[in-house]
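Shown next, in structure tokens, is the structure this report addresses.
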Amino acid sequence: MGFQTWISRSISSSKQAQKLLLLLRRSSSPTLRNPYISKSLYPKQKPTVATEASAFSWPLLPLAVAASAGAVAFLDLRRDPAACDSGLDERGSGGRVGGKDSTEFVFGGSQKEVPLELIDELKAVCETNMTLDFDERYFHGKPQNSFHKVVNVPNVVVFPRSEDEVSKIVLSCNKHKIPIVPYGGATSIEGHTLAPQGGVCIDMSLMNAIKQLHVEDMDVVVESGIGWIELNEYLKPYGLFFPLDPGPGATIGGMCATRCSGSLAVRYGTMRDNVINLKIVLANGDVVKTGSRARKSAAGYDLARLMIGSEGTLGIITEVTLRLQKLPQHSVVAMCNFQTIKDAANVAIATMQSGIQVSRVELLDEVQIKAINIANGKNLPEVPTLMFEFIGTEAYSREQTLIVQKIVSEHDGSDFVFVEEPEAKKELWKIRKEALWACFAMQPDSEAMITDVCVPLSRLAECISRSKQLLDASSLVCLVIAHAGDGNFHTVILFDPNNEDERREAERLNHFMVHTALEMEGTCTGEHGVGTGKMKYLEKELGIEALRTMKRIKVALDPNNIMNPGKLIPPHVCF
């Protein structure tokens, strides 16, 4: 079969592919040049503006087309640069960061030169609230809690003070086609704030106001730069709180962007369940309001849910209306031990199936308990451990505690203890909230690769026990922490960042756990988001048509691909 006939049958349904056929028929050039692809992914010298030319040999084209998803990776990018992530280095879907089966963790891209005209426009908007200082740019371009790396850093960092300033900044960047990276609390761990093409980092920390509190309606309107801990300190005198509790330092805008949750999600849901309304600046500078303050609405598309979890790729969140909860009248915190992690997971499952409305069910393996002992000078039994929190009236909380104590005894649990005094409860949960930092007490010079799989609740015990067998056999130190009540668990894999063998072993373990979860109809990320680290798993989890739909939405809202490019949507996805 002739090549032109073969490719025609393979991709004739794509209008963009028809452009490729015309190119094949009419071109007499021996090479096909793509002006959006960088020559080098890992420059040895300090990054400069990369050249933007790369050639593909005609004899290799059939192989490349056959290997690409849907045979559409070689579209005419000069005509539609947004159709693929053409500003990123292309070394085949398996080679570049986020491509299928990628094992790379250094994110490269062609640095875009920021024109002086744009710098002047930014100065006119931000005045002194911007910087070109290299140390500041490097700090914003390097993840604070992630092993992911990037070649480039932002060209400039701006600190807007209002929604209007954000709109003007975005409008200028869109006019000059310069990438934007939104920046919140920098607590994300999947490379969300990396700047692979440089550009403008928009730090939202100055937009941290509480604009309106409606005590009677139990909602609050805040700017996106406020942290959840600071918000709850403000709400406490009113007897209210915001029930999501991710890592310390996380901001409300970033929590929306990654669709985060935390230990209380088993009772109160995730970020998508606790946001009533958003205001977002789109790539063209327009400010969009997604809804009203009503607790429910059937008016139009649910734009708020589209933006929650979009990771800054569709717009910048500037204002959030949040659903609040009453502070619990009473609570009890319980802890118990098990001989195996499977027994502990089975108790979590049995507790949820019993109908008890727990507010937290957290699982820590024996290695994590050992790390806590080392970091905090504790003497806890180094065995798999479950922690519970029960809330309600004093009588109801104690009743729940006794029911769970019975479930624990039926699954060979031991040392069941519970506390009700405020300081004792605070001390127990402090141990859990600082678990990640305790991990580094075991190996202070290590970096952590953290998994985030989530499976249907009934499969949790099997998924954890299968993963644990592999982890225990590894030469690396691996610790397991789980939000066991909703099937979400993390493995903290410690490795030497200067040891390539250790990094690849960490990647092997991560890969195994993700694919195990996907085989169980689970997800590669329950709460941390995709960023750059999880892109390579999305096609297996969601399917190529879902990813193409996401790509169409992205191109429709951000045709110049300036909004946090290179994140969330895998680079091989085109349409």
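Hydrogens, waters and symmetry mates are skipped; everything else that's a heavy atom, side chains included, is used. None of these values were measured; they are calculated from a predicted model.
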Residue pair Arg504, Glu507: steps toward the salt bridge (charged side-chain N to carboxylate O under 4.0 Å, His left out) verdict: CA-CA 5 Å; Arg504 292 193 177 278; Glu507 182 63 40; over 6 Å; no
What do the steps show when you test Glu362 against Arg432 for salt bridge (charged side-chain N to carboxylate O under 4.0 Å, His left out), and what is the final call? CA-CA 8 Å; Glu362 298 292 290; Arg432 170 58 187 91; 2.7 Å; yes
Which is it for Lys426 and Glu421 under the salt bridge (charged side-chain N to carboxylate O under 4.0 Å, His left out) test, yes or no, and what are the steps along the way? CA-CA 9 Å; Lys426 184 177 179 181; Glu421 298 77 20; over 6 Å; no
Go through it in stages, so that I can follow the logic: the residues are Lys430 and Glu427, the test is salt bridge (charged side-chain N to carboxylate O under 4.0 Å, His left out), and I'd like the CA-CA distance, side-chain angles, deciding distance and then a yes or no. CA-CA 5 Å; Lys430 180 181 177 183; Glu427 184 65 23; 5.0 Å; no
Trace of the side-chain contact (heavy atoms from CB on, under 4.5 Å) decision for Leu314 with Asn564: CA-CA 8 Å; Leu314 301 180; Asn564 213 9; over 6 Å; no
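Of the inter-residue distances, the one linking His192 atom NE2 with Thr187 atom OG1 reads 10.0 Å to the nearest 0.5 angstrom. In this structure, CG on Leu476 lies 12.0 Å from OG1 on Thr491, to the nearest 0.5 angstrom. Taken to the nearest 0.5 Å, the CD atom of Glu502 stands 9.5 Å off from the CG atom of Leu494. To the nearest 0.5 Å, atoms NE2 (His490) and SG (Cys439) are separated by 11.5 Å. Taking OG1 from Thr451 and CG from Leu471, the interatomic distance works out to 8.0 Å, rounded to the nearest 0.5 Å. Glu190 contributes atom CD, which lies 7.5 Å from atom CG of Asp452 (distance to the nearest 0.5 angstrom).
Aromatic rings of Tyr268 and Phe242 (six-membered ring for Trp) have centroids beyond the 6.0 Å cut-off, not under it. Separation of the Tyr537 and His515 ring centroids falls under the 6.0 Å cut-off.
A salt bridge links Glu420 to Arg398: at least one charged side-chain nitrogen sits closer than 4.0 Å to a carboxylate oxygen. In this structure, Glu527 does not pair ionically with Arg259, as no charged nitrogen and carboxylate oxygen lie closer than 4.0 Å.
Taking every heavy atom of both residues into account, Leu479 and Ala371 meet most closely at CD2-CB, 3.7 Å. Minimum heavy-atom separation, Ser414 to Val408: N-CG1, 4.3 Å. Heavy-atom minimum distance, Gly312 versus Pro182: CA-CG, 4.1 Å. In plain terms, the two heavy atoms of Pro570 and Leu547 that are nearest each other are CG-CD1, 4.0 Å. Closest non-hydrogen pair, Met204 versus Pro160, comes out as SD-CG, 4.1 Å. Here the closest heavy-atom approach between residue Gly269 and residue Leu244 is recorded as O-CD1, 3.9 Å.
The closest donor-acceptor contact from the side chain of Thr523 to the backbone of Gly526 lies at 3.5 Å or more, if one exists at all. Judged by distance alone, with hydrogens and angles left aside, the side-chain atoms of Asp365 form no donor-acceptor pair with the main-chain N or O of Ile341 at under 3.5 Å. A distance-only check finds no donor-acceptor pair linking the side chain of Thr270 to the backbone of Ser261 [under 3.5 Å]. The backbone N or O of Leu380 sits less than 3.5 Å from a side-chain atom of Asn373, completing a donor-acceptor pair. Side chain of Glu311 to main chain of Gly531: a donor-acceptor pair is present (N/O by atom type, distance under 3.5 Å, no hydrogens or angles). Of the possible donor and acceptor atoms, none in the side chain of Ser359 sits under 3.5 Å from a partner among the backbone N and O of Gln357. Checking side-chain atoms of Ser224 against main-chain N and O of Ile317 turns up a donor-acceptor pair under 3.5 Å.
Each of Arg293, Arg295, Arg323 was evaluated against Asp219; a single residue qualifies, Arg293, per the salt bridge (Lys or Arg N to Asp or Glu O under 4.0 Å) test. Paired with Glu319 under the rule side chain to side chain donor-acceptor pair (under 3.5 Å), one option of Lys279, Lys289, Lys211 passes, and it is Lys211. The only option from Ile403, Ile407, Leu402 that meets the side chain to side chain contact (heavy atoms under 4.5 Å, CB included) definition with Gln405 turns out to be Leu402.
For Phe512, the CZ atom sits in a packed shell: over 12 heavy atoms of surrounding residues, nucleotides or ligands are nearer than 6.0 Å. Within 6.0 Å of the CZ atom in Phe418, the count of heavy atoms belonging to other residues, nucleotides or ligands does not exceed 12. Other residues, nucleotides and ligands contribute over 12 non-hydrogen atoms within 6.0 Å of the NZ atom of Lys468. Heavy-atom neighbours of Gln339 CD from other residues, nucleotides or ligands within 6.0 Å: at or below the threshold of 12.
Partners of His140 by ring-ring contact (aromatic ring centres under 6.0 Å, His included), not counting sequence neighbours, listed by chain and number: Phe159, Tyr183.
Classified by interplanar angle (parallel below 30°, tilted 30° to 60°, perpendicular above 60°), the ring pair Tyr238/Tyr234 is tilted.
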Using a 3.5 Å cut-off and no angle test, enumerate the donor-acceptor pairs between side-chain atoms of residues 301-310 and protein atoms at least two apart in sequence or in another chain.
| residue | atom | partner | partner atom | Å |
| --- | --- | --- | --- | --- |
| Asp302 | OD1 | Arg305 | N | 3.3 |
| Arg305 | NE | Arg272 | O | 2.9 |
| Arg305 | NH2 | Arg272 | O | 3.2 |
| Arg305 | NH2 | Val275 | O | 3.1 |
| Ser310 | OG | Met307 | O | 2.7 |

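Under the 3.5 Å distance criterion, with hydrogens and angles disregarded, a donor-acceptor pair is assigned to the side chains of His214 and Gln212.
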